[in-house]
Amino acid sequence: MIRTLLKAALVALILALTAGSATALATSKTVTLAVDGQERSISTFADTVGGALDSAGLRADDKDTLAPSAGADVEDGSRIVLDRGKLITLTVNGQQRELWTTAATVNETLRQIGMRADGVTVSADRSQRIPLQGMALDVRTVKPTMLYDGAAPPQIVTTAATTVGDLLAAQDVVLGPDDTVVPEPAAPVLPGMHVEVTRIAIEEVRETQPVEPPEETIEDSEMSSGEEVVESEGKPGEEIVTYLVTTTNGKETDREELDSEVTAEPEPRVVRVGTQEAPEVSDGSVWDQLAECESGGDWSTNTGNGYYGGLQFDKSTWDAYGGDQYADYPHEASREAQIAVAEQVRDDRGGYGAWPSCSSQLGLS
């Protein structure tokens with residue numbers, strides 16, 4: 001009897017152990033986890049997605065993306081995708097903000113915020129994976145601008161610079177101490193902006209210049225009033241003049257004299273001026289007509305043919321009738337002096353015969 005009871009108990013124990021093993025094998029599941037794009041397999045007894053994450057030491061919050069949802073059932077062979085949120089400190093054209101992203105790389109982040117790859121520059125490699133602790137990104141949009149640099153031809157510059165100063169630095173444009181730029185270097189760069197650099201140079205310049213000779217006048221009572229004879233042309237001197245010269249874009253725009261130093265004194269120009277009262281003239285219009293015929297009315301002409309002045313005296317006639325009291329040669333004397341001598345010739349010879357051709361044309365006798 002006892003032996004029969006022991007056998008029954010042993011059979012029951014074996015059946016219980018067999019049933020438990022079957023239950024354990026039935027509830028264990030193999031699940032694929034894709035976390036931030038990295039896949040791995042886990043074994044879990046959990047019935048839900050949330051439980052499966054717990055068994056893998058993971059948790060999803062409201063900044064993460066989870067599929068299926070945490071309450072969804074888990075079966076053997078299920079696949080769970082978890083993209084965890086990362087904090088990005090984003091600076092766009094100098095303006096900073098924070099955002100959460102589940103993107104795996106920098107390039108995916110740019111696509112998420114709607115920035116075209118060909119229109120921006122980024123502080124990090126576009127293929128770089130974003131670490132779980134997040135990262136800082138400096139993004140600058142590319143803008144077309146027009147750059148005017150002094151007298152150089154304008155150029156179109158496509159730049160990601162945030163300020164005018166950054167744009168100039170990127171173009172290796174160095175401002176001199178007196179140069180100006182509009183807009184100012186701190187101004188933000190805007191699409192289509194015109195940036196104008198004005199090159200201003202201020203320097204001292206020393207120049208050697210002539211000094212005009214002063215004029216000395218000698219009064220001569222033996223010469224007719226108004227008659228002048230240059231006895232010496234003089235000689236220019238020299239001086240060194242120091243200027244403060246301003247040039248704007250290569251062209252001189254201002255000049256201020258600072259100092260001058262005479263290095264060679266000029267020699268004066270000497271002019272002898274007649275003070276003798278001119279003789280009174282009668283019948284001036286007749287003599288003017290005669291001079292017009294003889295010399296074209298040029299009272300100072302010297303044609304080189306031995307005849308001089310408006311009335312074409314020869315030297316011997318001029319001297320014989322006292323012309324040398326006015327000047328050595330007729331053309332050097334005044335109109336009035338030449339007429340005074342001509343009147344003496346006319347009165348002495350009884351008419352205008354000394355000028356036969358012209359007096360005949362004018363009907364003078």
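Worth saying up front: this structure is predicted, and the values here are computed from it rather than measured.
- Proximity of a side-chain donor or acceptor of Thr48 to a complementary backbone N or O of Gly51 within less than 3.5 Å is detected.
- In this view, Glu343 satisfies the salt bridge (Lys or Arg N to Asp or Glu O under 4.0 Å) rule with no residue, not counting sequence neighbours.
- Taking OG1 of Thr121 as the reference point, atom CG of Asp138 lies at 7.5 Å (rounded to 0.5 Å).
- Cluster note: Val81 groups with no other residue, as no ILVMFWY side-chain heavy atom lies under 4.5 Å from it.
- In this structure, CD1 on Ile200 lies 6.0 Å from OG1 on Thr198, to the nearest 0.5 angstrom.
- Side-chain N/O atoms of Asp314 and Ser316 include a donor and acceptor closer than 3.5 Å.
- In this view, Glu216 satisfies the salt bridge (Lys or Arg N to Asp or Glu O under 4.0 Å) rule with no residue, not counting sequence neighbours.
- Annotation: cation-pi pair Lys315/Tyr329 present, NZ/CZ under 6.0 Å from the ring centroid and within 45° of its normal.
- Using modelled atom types, no side-chain atom of Gln289 and backbone atom of Leu362 make a donor-acceptor pair closer than 3.5 Å.
- Summarising the geometry of Asp328 relative to Asp319, their closest heavy-atom pair is O-OD1, 4.2 Å, with the distance given to 0.1 Å.
- Between Phe313 and Trp355, the angle of the ring planes goes over 60°, which puts this pair in the perpendicular group of the 30/60° scheme.
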message: As a quick check of understanding, evaluate side chain to side chain contact (heavy atoms under 4.5 Å, CB included) for Glu196 and Val181, giving each step before the final call.
response: CA-CA 6 Å; Glu196 298 185 20; Val181 60; over 6 Å; no
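- The pair Glu231-Arg269 does not count as a salt bridge, with every side-chain nitrogen at least 4.0 angstrom from each carboxylate oxygen.
- For the pair Pro214/Pro268, a side-chain contact is recorded, criterion being any heavy-atom separation below 4.5 Å from C-beta on.
- Looking at residues two or more places apart in sequence or on another chain, you find no salt bridge (Lys or Arg N to Asp or Glu O under 4.0 Å) involving Asp324.
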message: Please determine whether salt bridge (charged side-chain N to carboxylate O under 4.0 Å, His left out) holds for the pair Arg79 and Glu39, giving the CA-CA distance in whole Å, both sets of side-chain angles, and the decisive distance to 0.1 Å.
response: CA-CA 9 Å; Arg79 187 172 186 273; Glu39 293 191 356; 2.3 Å; yes
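- No side-chain heavy atom of Lys86 sits under 4.5 Å from any side-chain heavy atom of Pro131.
- In this structure, Thr32 and Ser41 approach most closely via the heavy-atom pair OG1-OG, 4.0 Å.
- Between the side chains of Ser295 and Asp298, no donor-acceptor pair of N or O atoms lies under 3.5 Å.
- Note on Val241 and Leu244: separate hydrophobic clusters, where clusters join Ile, Leu, Val, Met, Phe, Trp and Tyr whose side-chain heavy atoms are under 4.5 Å apart, directly or indirectly.
- The two residues Ser127 and Thr105 have their closest heavy-atom pair at O-CG2, 3.9 Å.
- Contact check on Arg199 versus Asp149 returns a salt bridge, with a Lys/Arg side-chain nitrogen under 4.0 Å from an Asp/Glu carboxylate oxygen.
- Remark: Glu207 engages Arg255 in a salt bridge (Lys or Arg N to Asp or Glu O under 4.0 Å) (not counting sequence neighbours).
- Minimum heavy-atom separation, Gly310 to Glu294: O-CB, 3.6 Å.
- In this structure, the side chains of Tyr307 and Asn302 stay at 4.5 Å or more apart for every pair of heavy atoms.
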task: Before giving the answer on side chain to side chain contact (heavy atoms under 4.5 Å, CB included), spell out for Val106 and Met135 the whole-Å C-alpha distance, their side-chain angles and the decisive distance to 0.1 Å.
output: CA-CA 10 Å; Val106 170; Met135 66 185 299; 4.2 Å; yes
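- Panel note: side chain Gln171, backbone Leu168; no donor-acceptor pair is recorded below 3.5 Å.
- Nearest heavy-atom pair, Leu258 versus Glu204, reported as atom, atom and distance to 0.1 Å: CD1-OE2, 3.7 Å.
- When hydrophobic residues (I, L, V, M, F, W, Y) are linked wherever their side-chain heavy atoms come within less than 4.5 Å, the members clustered with Val31 are Leu33, Val35, Ile42, Val49, Leu53, Leu58, Leu66, Val74, Ile80, Leu82.
- Open room surrounds CD on Glu75; 12 or fewer heavy atoms of other groups in view lie less than 6.0 Å from it.
- In the displayed structure, Lys235 atom NZ is contacted under 6.0 Å by at most 12 heavy atoms of other residues, nucleotides or ligands.
- Side chains of Ser285 and Asp288: no donor on one and acceptor on the other come within 3.5 Å.
- Note that CZ of Arg206 and OG1 of Thr242 are 4.5 Å apart. Values are rounded to the nearest 0.5 Å.
- Counting only heavy atoms from C-beta outward, the side chains of Thr180 and Val197 never approach each other to under 4.5 Å.
- Linking Ile, Leu, Val, Met, Phe, Trp and Tyr whenever their side-chain heavy atoms come within less than 4.5 Å leaves Leu311 and Tyr308 in two separate clusters.
- Taking CG of Leu364 as the reference point, atom SG of Cys358 lies at 9.5 Å (rounded to 0.5 Å).
- A distance of 14.5 Å separates CZ of Arg84 from NZ of Lys63, quoted to the nearest 0.5 Å.
- Looking only at distances, a side-chain donor or acceptor of Lys29 sits under 3.5 Å from a matching main-chain atom of Thr27.
- Side-chain atoms of Gln312 come within 3.5 Å of backbone N or O of Gly309 as a donor-acceptor pair.
- Cluster annotation: Met193 and Ile156 are assigned to distinct hydrophobic clusters (Ile/Leu/Val/Met/Phe/Trp/Tyr, side-chain heavy-atom contacts under 4.5 Å, transitive).
- A donor-acceptor distance shorter than 3.5 angstrom exists from the side chain of Gln338 to the backbone of Trp299, with no hydrogens or angles considered.
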Asp348 vs Arg346, salt bridge (charged side-chain N to carboxylate O under 4.0 Å, His left out): CA-CA, chis, key distance, verdict: CA-CA 6 Å; Asp348 182 60; Arg346 178 198 61 189; over 6 Å; no
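- In the hydrophobic clustering of this structure, Leu175 groups with Val157; members are Ile, Leu, Val, Met, Phe, Trp, Tyr whose side-chain heavy atoms approach within less than 4.5 Å, directly or through other members.
- No salt bridge links Asp64 with Arg59; every basic N to acidic carboxylate O contact stays at or beyond 4.0 Å.
- Here the side chains of Val189 and Thr145 are in contact, with some heavy-atom distance below 4.5 Å.
- To the nearest 0.5 angstrom, Ile88 atom CD1 is 11.0 Å from Thr91 atom OG1.
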- request: Assess whether side chain to side chain contact (heavy atoms under 4.5 Å, CB included) is satisfied between Val245 and Glu256, documenting all intermediate values.
  value: CA-CA 7 Å; Val245 177; Glu256 176 185 352; over 6 Å; no
message: Test side chain to side chain contact (heavy atoms under 4.5 Å, CB included) on Arg126 and Leu110; report intermediate values, then the result.
response: CA-CA 9 Å; Arg126 293 173 183 268; Leu110 293 178; 3.2 Å; yes
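- The backbone N or O of Thr30 lies less than 3.5 Å from a partner atom in the side chain of Asp76, making a donor-acceptor pair.
- Residues Ile218 and Val273 fall into different hydrophobic clusters, defined by Ile, Leu, Val, Met, Phe, Trp and Tyr side chains chained together at heavy-atom separations under 4.5 Å.
- Nearest heavy atoms, Ala161 versus Arg140: CA-NH1, 4.3 Å.
- Within 6.0 Å of atom CD in Gln95, 12 or fewer heavy atoms from other residues, nucleotides or ligands are found, so the atom counts as exposed in its surroundings.
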field: ring pair (Phe, Tyr, Trp, His ring centres under 6.0 Å) assessment of Tyr352 paired with Trp287
entry: CA-CA 10 Å; Tyr352 295 93; Trp287 293 111; 5.3 Å; yes
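- Using a 3.5 Å distance cut-off with no hydrogens or angles, the side chains of Gln112 and Thr101 do pair a donor with an acceptor.
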